[in-house]
> 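One structure coming up, written as structure tokens, with questions to follow.
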Amino acid sequence: MAAGSVDRCVPDWAYVLLPAPPSSGPSRLGTPRENPYLCSDECDASNPDLAHPPQLMQDRERNSLITYWQTVTWRRHPEPLLANITMSWNKSLELTDDLQISFEYGRPTVMVLDKSMDHGRSWQPYQFYADDCLDAFNMVPKHVRDLSPANITRVICTEQYSRWVGSKNDKNVKLEVRGRFAVFAGPRLQNMDSLYTRMESMKGLRDFFTFTNLRLRLLRPALGGTYVQRDNLLKYFYAISNIEVPARCKCNLHASQCLLQDGNLQCQCEHNTTGQDCQRCKKGFKAKSWKSGSYLPAPNGNPNTCTTSGCEGYCECYGHSNRCSYIDYLNIVTCVSCKHNTRGQNCQHCRLGYFRNASADLDDESVCTECNCNQMGSVHDRCNGTGFCQCKDGAAGAKCDDCVVGYYWKQGCYPNVCDVEMLLCQNGGTCHQNQKCVCPPEFKGVLCQHSRCEAGKDCNAAASLRRPVATLLLCALLATLTPR
């Protein structure tokens, strides 16, 4: 067994038939002559001799007796026959070879393989399968051999494993992992150094082969022809005899073994690392930032061992400093040159302008988050422990980049000159963006509250400004036509 590998990845199973059948009693089957392995009469989950539970998809076949999981038949056609199969390992794994699913009596004409990298909280497609990719998923069909180094992580739809073949020898559906490896390592995987180099340098490549959960969505069963035979719906169902998931524990190249402990897979971490995936340095060994082990340089690679700074035992710096100093007159040992925007005797506080990330451990490099206070709306660039900045009068929001009611934003918050609720423009004036009143020609003032005709001033000019434009134009025209 390879270092950090799992010989047979035995998952926790979850099987859901969508929609659920109306009852859990016996289901009568119409077994085709092409496949003698399936039950020829009925299936009954309550009877051990007639049951076909999901666990049979990963049991070891003995004495050539094929065991299989099987759904109910498509007797509710045209309602779709849908089934979800979810596999969970509670551990990050990495595929090392082709994933293979063996279907008894016909491969589905439409299905999707999904994966999760966060224990089922979110899902993304791994590969689409259909007898007609354009019709089923609006995708152009592709083969893995069509991919190039630039798009090797592309999710494709393939028609290679969905067409009816009518043979027991062609019942497998694959996720071709070796084919993607071969893009870098060659057809026989002889140039592994090239693959390892790409694994180190190409963003997202290792993540493509990483998962915590897999899900198989079966969307349309094998038809055995072009059309559904509605007078023989008992012949349509899903049956899987085996699912092979060749994978190893993801230990970030910091473990040579992965063992089952308390029901969970656990990397036996080396190089002073810890965690289920050996994803961080042990306490006291954080003189430098944690890094995954490296395949390079070949053939032995680089373990990137976590090291101690020499301060530990005298002063805890939580991995944010590798130097300590004794201050004689205070009689204390303190960390020197705290990194990652930390400060304090033990680098346990955040620098001014940063606040503590509550979701990060104290030894996390991202423990301190920048306040990002708006310079125009805030008093200074510092914030409180929850990230809220101190705002100037009229400013609001966590970063002081908004205004309270009664203020408007213009490189800072200023009191409204006018608005539709409190300060209305007078004498027919209109409020423009809360910043000023646009007054009629005969009025003036902040709120158009003053008449231009006050104090004996000539009002004719102001009054003439109110004449309609059309009237002014007409008068000008008449002036040009009047005989002199």
> Given the side-chain rings of Trp69 and Tyr238, with only the six-membered ring counted for Trp, is the space between their centroids under 6.0 Å?
no
> Hey, mind stepping through His340 and Tyr318 against side-chain contact (heavy atoms from CB on, under 4.5 Å) and telling me if it holds?
CA-CA 11 Å; His340 312 135; Tyr318 298 103; over 6 Å; no
> How long is the span from the CG atom in Asn372 to the SG atom in Cys400, to the nearest 0.5 Å?
12.0 Å
> Looking at OG of Ser88 and CG of Asn213, how far apart are the two atoms once the value is rounded to the nearest 0.5 Å?
4.0 Å
> Counting neighbours of CZ on Phe388 that are heavy atoms of other residues, nucleotides or ligands and sit closer than 6.0 Å, is the number greater than 12?
no
> Just wondering, do Gln261 and Gln268 contact through their side chains at under 4.5 Å, heavy atoms?
yes
> Where do Leu362 and Gln348 come nearest, in terms of heavy atoms and distance?
CD1-O, 3.8 Å
> I'd like to know if the side chain of Gln276 and the backbone of Leu265 have a donor-acceptor N/O pair within less than 3.5 Å.
yes
> Okay, side chain of Ser292, backbone of Asn252: is any donor-acceptor separation there less than 3.5 Å?
yes
> Using modelled atom types and a 3.5 Å cut-off, is there a donor and acceptor pairing between side-chain atoms of Asn384 and backbone atoms of Gly387?
yes
> Rounded to the nearest 0.5 Å, how far does OG of Ser321 lie from NZ of Lys339?
7.5 Å
> Any heavy-atom pair between the side chains of Asn172 and Tyr161 that's under 4.5 Å?
no
> Please work out which of the three classes, parallel, tilted or perpendicular, describes the rings of Phe128 and Phe137, given edges at 30° and 60°.
tilted
> Check whether the side chains of Glu200 and Ser294 place a donor and an acceptor atom closer than 3.5 Å, and report yes or no.
yes
> I'd like to know if the side chain of Asn346 and the backbone of Glu316 have a donor-acceptor N/O pair within less than 3.5 Å.
yes
> If I take atom CE from residue Met202 and atom CD1 from residue Ile152, how far apart are they, to the nearest 0.5 angstrom?
7.5 Å
> Flag the pair Tyr408 / Cys413 as yes when at least one side-chain heavy-atom distance between them is below 4.5 Å, and no otherwise.
no
> Is it true that Cys258 and Cys267 have SG atoms closer together than 2.5 Å?
no
> Evaluate whether atom CD of Gln160 has more than 12 neighbouring non-hydrogen atoms of other residues, nucleotides or ligands under 6.0 angstrom away.
yes
> May I ask you to decide if Val177's main-chain N or O and Asp98's side chain share a donor-acceptor pair within less than 3.5 Å?
yes
> Would a 4.5 Å heavy-atom cut-off, applied to side chains only, mark Val112 and Leu219 as touching?
yes
> Take Ser122 and Asp118 through the test side chain to side chain donor-acceptor pair (under 3.5 Å) and record every step on the way to the result.
CA-CA 7 Å; Ser122 63; Asp118 55 10; 2.6 Å; yes
> Does Ser162 reach the main-chain N or O of Ala130 with its side chain, forming a donor-acceptor pair under 3.5 Å?
yes
> How about Cys347 and Cys338, are their SG atoms within less than 2.5 Å of each other?
yes
> CD of Gln257 to CD of Glu270: how many Å apart, nearest 0.5 Å?
8.5 Å
> Assess whether a salt bridge exists between Arg280 and Asp361, defined as any Lys/Arg side-chain N lying under 4.0 Å from an Asp/Glu carboxylate O.
no
> Can you tell if the side chain of Thr71 reaches within under 4.5 Å of the side chain of Leu218, non-hydrogen atoms only?
no
> Considering non-hydrogen atoms only, spot the tightest contact between Phe208 and Thr153 and give its length.
CE1-O, 3.4 Å
> Under the 3.5 angstrom rule, does the side chain of Lys91 hit a backbone N or O of Cys249 as a donor-acceptor pair?
no
> Between Leu214 and Ile243, does a side-chain contact (heavy atoms from CB on, under 4.5 Å) hold up when you go through it step by step?
CA-CA 11 Å; Leu214 293 174; Ile243 297 180; over 6 Å; no
> Is it the case that atom NZ in Lys291 sees more than 12 heavy atoms from other parts of the structure closer than 6.0 Å?
no
> I'd like to know if the side chain of Trp74 and the backbone of Glu79 have a donor-acceptor N/O pair within less than 3.5 Å.
yes
> I want to check something: taking the side chain as every heavy atom from C-beta on, are His77 and Val228 in contact at a cut-off of under 4.5 Å?
yes
> For residues 136-148, which residue pairs qualify under salt bridge (charged side-chain N to carboxylate O under 4.0 Å, His left out), counting only residues two or more places apart or in two chains?
none
> Cys pair Cys317/Cys324: SG distance under 2.5 Å?
no
> Looking only at atom types and distance, does a side-chain atom of Glu159 sit under 3.5 Å from a main-chain N or O of Cys133, one as donor and one as acceptor?
yes
> After noting the C-alpha distance and the side-chain angles of Tyr236 and Gln229, does the key distance pass the side-chain contact (heavy atoms from CB on, under 4.5 Å) rule?
CA-CA 9 Å; Tyr236 303 115; Gln229 298 179 16; 3.5 Å; yes
> Got a second to check how far Thr212's OG1 is from Lys250's NZ, nearest 0.5 Å?
11.0 Å
> Can a side-chain donor-acceptor contact be found between Asp131 and Thr109 if the only test is distance below 3.5 angstrom?
no
> Applying side-chain hydrogen bond (donor to acceptor under 3.5 Å, both in side chains), name anything that partners Thr210, two or more places apart in sequence or on another chain.
none
> Could you walk me through whether Asn264 and Gln266 satisfy the side chain to side chain donor-acceptor pair (under 3.5 Å) test, starting with their C-alpha distance in whole Å, then the side-chain angles of each, then the deciding distance to 0.1 Å, before giving a yes or no?
CA-CA 6 Å; Asn264 293 319; Gln266 174 68 52; over 6 Å; no
> I want to check a possible cation-pi pair here: Lys115 against Tyr126, using under 6.0 Å from ring centre and within 45° of the ring axis as the test.
yes
> Classify the side-chain pair Asn272/Thr305 by whether it contains a donor and acceptor separated by less than 3.5 Å.
no
> Would you indicate whether the side-chain heavy atoms of Ile85 and Ile240 approach each other to under 4.5 Å?
yes
> Decide yes or no on side chain to side chain donor-acceptor pair (under 3.5 Å) for Gln345 and Thr334, but give the supporting numbers first.
CA-CA 5 Å; Gln345 180 182 352; Thr334 183; 5.6 Å; no
> Counting only heavy atoms not in Arg356, do more than 12 fall under 6.0 Å of its CZ?
yes
> Check step by step if side chain to side chain donor-acceptor pair (under 3.5 Å) holds for Asn84 and Arg217.
CA-CA 5 Å; Asn84 283 357; Arg217 287 187 282 143; 5.5 Å; no
> Got Arg215 and Met87 here, is their nearest side-chain heavy-atom distance under 4.5 Å?
no
> Compare the SG-SG distance of Cys389 and Cys383 against 2.5 Å and report whether it is shorter.
no
> Evaluate the ring planes of Tyr196 and Tyr295, with Trp represented by its six-membered ring, and classify them as parallel (under 30°), tilted (30 to 60°) or perpendicular (over 60°).
parallel
> Which atom names give the shortest non-hydrogen contact between Ile156 and Arg180, and what distance separates them?
CG1-NH2, 4.1 Å
> Begin from the C-alpha positions of Trp89 and Phe211 and carry the test side-chain contact (heavy atoms from CB on, under 4.5 Å) through to its verdict.
CA-CA 9 Å; Trp89 286 270; Phe211 62 94; 3.6 Å; yes
> Taking Asp277 for the side chain and Gln279 for the main chain, is one N or O donor matched with an acceptor at less than 3.5 Å?
no
> Can you run down the salt bridge (charged side-chain N to carboxylate O under 4.0 Å, His left out) pairs that involve residues 364-387, sequence neighbours left out, and say none if there aren't any?
none
